[in-house]
**Q** 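Questions regarding the structure given below will be posed in turn.
In listed order, ligands and their atoms are each counted from 1.
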Amino acid sequence: MTYDYDVIVIGAGPAGMAVSAMASEMGLKVATIEKRALGGECMNVGCIPSKALLRMAKLRHSADRFGDYELDEHGKPSVRRPFERIAEHLAYIDEKKTSGMFKKVSKLKLAEGEASFLDPHTVGVSGEKLSGKRIFISVGTRPAVPPIPGIRDVDILTNETIFKLDAIPSSMTIIGGGAIGCEMAQAFTRLGAKCTIIQMDPHLMPQGDPDAGKLLEEHFGKEGIDVYNSAKLSKVEKQNGIITVEAEGGITIESERLLVAAGRRYDFDVLKLENAGVRFDPRKGIDVDKHLRTTAKNIYAPGDCNGHYLFSHAAMHQGMIALMNSMLPGPMKMDFRKFVVPWTVFTDPQVSSVGLTEKQLKQRGIDYEIIESRYEDYGAAIAEGIPVGYIRVYAGKGLLSRGRIYGAVIAGEGSGEMINEWGLAIQKKLRMTDIMMLQHSFPSMSFLSKRTGEIWMMNRMTPFMKKMVRWMF
Ligand SMILES: Cc1cc2nc3c(=O)[nH]c(=O)nc-3n(C[C@H](O)[C@H](O)[C@H](O)COP(=O)(O)OP(=O)(O)OC[C@H]3O[C@@H](n4cnc5c(N)ncnc54)[C@H](O)[C@@H]3O)c2cc1C
């Protein structure tokens with residue numbers, strides 16, 4: 001059987017771009033189908049524009065802190081055209097990187113349009129039929145809108161529209177206290193909007209450590225962001241240009257705009273997965289096995305569309321694993337679940353996590369201890385004016401697992417960089433002594449990681465150990 005292409009990729013977000021780039025670099029003939037914009041959600045309406053906005057907001061916010069650093073204060077700079085600047089960045093990246101790649105690589109075809117399966121090896125797009133030996137579905141997710149009475153009658157914002165605003169609104173209510181809700185609340189507040197977060201969950205970033213959520217809420221309070229947790233939303237309406245969100249218990253919030261950041265949904269209708277024999281659950285995504293293969297043996301589904309970890313780095317990694325698995329013989333195929341997935345919420349303070357959470361350790365019956373070091377005890381953090389946060393590590397306590405690193409949470413400046421070291425430690429099954437014995441450049445924030453290792457060691461100094469030390473000394 002011959003096919004038009006070795007590989008067809010549906011969706012050019014982080015997962016699809018990883019497959020396309022790698023497969024074409026390997027000399028395979030690739031067709032990539034994209035219905036909106038190259039780079040997917042991450043590049044166009046997710047990670048990249050949100051981080052650009054956060055950077056502008058952080059810079060403006062720093063004007064409030066000049067006095068803390070013995071610098072003259074000149075008031076807050078006014079905000080000019082943040083969204084136009086972001087659009088310029090995106091256009092530049094597209095020209096130089098994403099679209100650029102398709103122009104440079106001759107074995108890589110870009111088909112613009114919406115793909116639908118005709119059979120397990122054939123896809124229709126814009127009136128054309130493409131056949132491929134292997135097909136990779138990497139279509140991502142869309143923002144979900146919760147079924148609150150009245151919400152459909154209001155011009156809500158989602159991540160798909162918020163970066164196209166003309167200006168920062170005077171006020172914004174945000175439904176959802178996860179990563180997107182928290183990041184946007186802080187960015188828009190620092191750029192001049194009065195923001196309120198309202199959510200069903202009991203603390204900010206419900207998937208993460210409750211203490212980190214509380215730390216962030218405390219910090220948000222100082223910046224003027226109101227947070228309502230465990231709220232049952234009952235009504236949304238717009239009158240005379242003002243949006244009102246109501247929740248049980250007499251909560252009423254009024255604002256100019258409403259951002260919905262309350263989870264994701266799957267949108268597979270157009271794909272016609274049934275024609276390819278690809279099974280999916282409308283609430284959980286496309287079914288994949290540990291090798292990222294779907295129920296059709298020539299079709300893989302890396303990235304958000306399979307519902308395992310909704311992060312760009314996970315999507316890219318899965319793209320790479322799926323492509324390699326599609327070529328490797330059975331015993332050499334890789335189990336994508338074996339790779340740890342660190343994550344970061346890029347607020348100030350940043351919150352990051354990797355490995356098992358305390359809840360998961362308890363559920364699995366693992367004997368663990370908590371080792372913690374705090375930013376407020378670290379001279380460099382104090383002198384740099386960032387003494388807020390902590391590193392918390394979950395390490396084994398059993399005879400054979402003593403000091404084995406199972407999970408880490410870091411809340412504080414630089415945590416998005418620091419968490420990767422702990423990710424490597426978990427993936428490589430390292431112990432606290434390995435972190436302690438690694439020299440860390442000083443005075444970096446990651447030096448606190450080494451200090452956490454030292455704290456673990458000092459905690460071993462029982463009266464018996466101290467006696468031993470004296471004897472040896
Ligand atoms: C505001 C925001 C901030 C975020 N920040 C971060 C962050 O800081 N770090 C992080 O790791 N993650 C972040 N994320 C999550 C990240 O964007 C996603 O995890 C990532 O984009 C998923 O990649 P993907 O390739 O699986 O899917 P996507 O990026 O969603 O790409 C899927 C692509 O498939 C296309 N497509 C869909 N159906 C079809 C079809 N039938 N035919 C052709 N094309 C189709 C879509 O148009 C889209 O381009 C953020 C998300 C948002 C919304």
**Q** Could you list each N/O atom of ligand 1 together with any protein N/O atom closer than 3.5 Å, one pair per line with the distance?
**A**
residue, atom, partner, partner atom, Å
ligand 1, 5 (N), Lys51, NZ, 3.2
ligand 1, 8 (O), Lys51, NZ, 2.8
ligand 1, 11 (O), Ser312, N, 2.8
ligand 1, 11 (O), His313, ND1, 3.2
ligand 1, 12 (N), Ser312, N, 3.3
ligand 1, 17 (O), Glu41, OE1, 2.9
ligand 1, 19 (O), Asp304, OD1, 3.1
ligand 1, 19 (O), Asp304, OD2, 2.9
ligand 1, 19 (O), Leu310, O, 3.4
ligand 1, 19 (O), Phe311, N, 3.3
ligand 1, 19 (O), Ser312, N, 3.3
ligand 1, 21 (O), Cys42, N, 3.2
ligand 1, 25 (O), Pro14, N, 3.2
ligand 1, 25 (O), Ala15, N, 2.9
ligand 1, 26 (O), Asp304, N, 2.8
ligand 1, 29 (O), Glu41, N, 3.0
ligand 1, 41 (N), Ala115, O, 3.3
ligand 1, 42 (N), Ala115, N, 2.9
ligand 1, 44 (N), Lys35, N, 3.2
ligand 1, 47 (O), Glu34, OE2, 2.6
ligand 1, 47 (O), Arg36, NH1, 3.2
ligand 1, 49 (O), Glu34, OE1, 2.7
ligand 1, 49 (O), Glu34, OE2, 2.9

**Q** Any side-chain donor-acceptor pair under 3.5 Å between Thr295 and Arg279?
**A** no
**Q** Which residue pairs satisfy the ring pair (Phe, Tyr, Trp, His ring centres under 6.0 Å) criterion with at least one member in residues 154-213, sequence neighbours excluded?
**A** none
**Q** Check Asp4 with Lys29, please: is the shortest side-chain N to carboxylate O separation under 4.0 Å?
**A** no
**Q** Measuring only between side-chain heavy atoms, which start at C-beta, is Asn44 closer than 4.5 Å to Pro49?
**A** no
**Q** Given side chains that start at C-beta, do those of Lys214 and Glu218 come closer than 4.5 Å, heavy atoms only?
**A** no
**Q** Would you say Asp209 and Tyr390 are linked by a side-chain donor-acceptor pair, where the criterion is simply a distance under 3.5 Å?
**A** yes
